[in-house]
Amino acid sequence: MKFRTLPLVLAMTGVAGFVIAAEKAAIEVSPQPAGSEITVDSVTVPDDGFVVIHASDEHGNIIAPQSIGYSAVKSGTQEDVSVSLDEEVASGDKVFVMLHEDTGEKGTYEFGVDRTDVDVPVIQDGKPVIVPMDIE
C-alpha cells in the first residue's frame, strides 16, 4: 500500500521529476494616470513571457495585434510590473493588459502586425488572459 501512494506523495511535493501543477495565469490592475508608462499591479504566468499593453479604439474595443508597450516577465508572480509605452495615453482612455508567451527568440517580443505566429497570447479556459485598464 505504501508503494502505491509514493508516486502521489512525490507528485504533491514536486520530488523526483514529478511536477506540481503550474500556477494559473492572472493579471491584476488598477486605474493609472495619463502618461507614457503604466504599472501593472500583479502578473502571474506559468512560463516566462510578456505583459503587453494594447490600445483601444474610439468604441473601447482592443486594437490588436498592434501593441503600445510590453515588458518581459518571469514565470511565477511579479508585482508592480512597469511598462514603458510607445505612445502616451490620456485621461479617459482605456487600454488592455494581455499576457503573451515567449515562443520565438527568447526574451524578444515578436508578436505584431506582421507576425502573429510567435509570442502568442496566453490562452486559459479557451480565452486570452486579458483585462481592461482605465486611464484616469
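The first residue of the sequence shown is numbered 1, and numbering continues consecutively from there.
Considering only residues two or more places apart in sequence or on other chains, Y109 meets the ring pair (Phe, Tyr, Trp, His ring centres under 6.0 Å) condition with F50, Y70, H100. For E79, the side-chain hydrogen bond (donor to acceptor under 3.5 Å, both in side chains) test picks out no residue, with sequence neighbours left out. D48 pairs by the salt bridge (charged side-chain N to carboxylate O under 4.0 Å, His left out) definition with K74, not counting sequence neighbours. Partners of D117 under the salt bridge (charged side-chain N to carboxylate O under 4.0 Å, His left out) rule, at least two apart in sequence or in another chain, are R115.
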With a 3.5 Å cut-off and sequence neighbours excluded, list the donor-acceptor pairs that the side chains of residues 86-99 form with protein atoms.
| residue | atom | partner | partner atom | Å |
| --- | --- | --- | --- | --- |
| S91 | OG | E136 | O | 3.3 |
| D93 | OD2 | A90 | N | 2.8 |
| K94 | NZ | G60 | O | 3.3 |

Can I get a per-line list of side-chain donor-acceptor pairs under 3.5 Å for residues 120-134, giving both atom names and the distance, sequence neighbours left out?
| residue | atom | partner | partner atom | Å |
| --- | --- | --- | --- | --- |
| Q124 | OE1 | A25 | N | 2.8 |
| Q124 | NE2 | A25 | O | 3.0 |
| D125 | OD2 | K24 | NZ | 3.4 |

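In this model, a donor atom of one side chain and an acceptor atom of the other lie less than 3.5 Å apart for E37 and S82.
Side-chain heavy atoms closer than 4.5 Å link hydrophobic residues (I, L, V, M, F, W, Y) into clusters, and following such links, possibly through other members, connects I53 to V81. No continuous path of hydrophobic side-chain contacts links I27 to I62 [ILVMFWY only; heavy atoms under 4.5 Å].
Counting heavy atoms from C-beta outward, S30 and D41 have side chains that approach closer than 4.5 Å.
Side-chain atoms of S71 never come within 3.5 Å of backbone atoms of V83 as a donor-acceptor pair (strictly under, hydrogens ignored). Panel note: side chain D119, backbone T103; a donor-acceptor pair is recorded below 3.5 Å.
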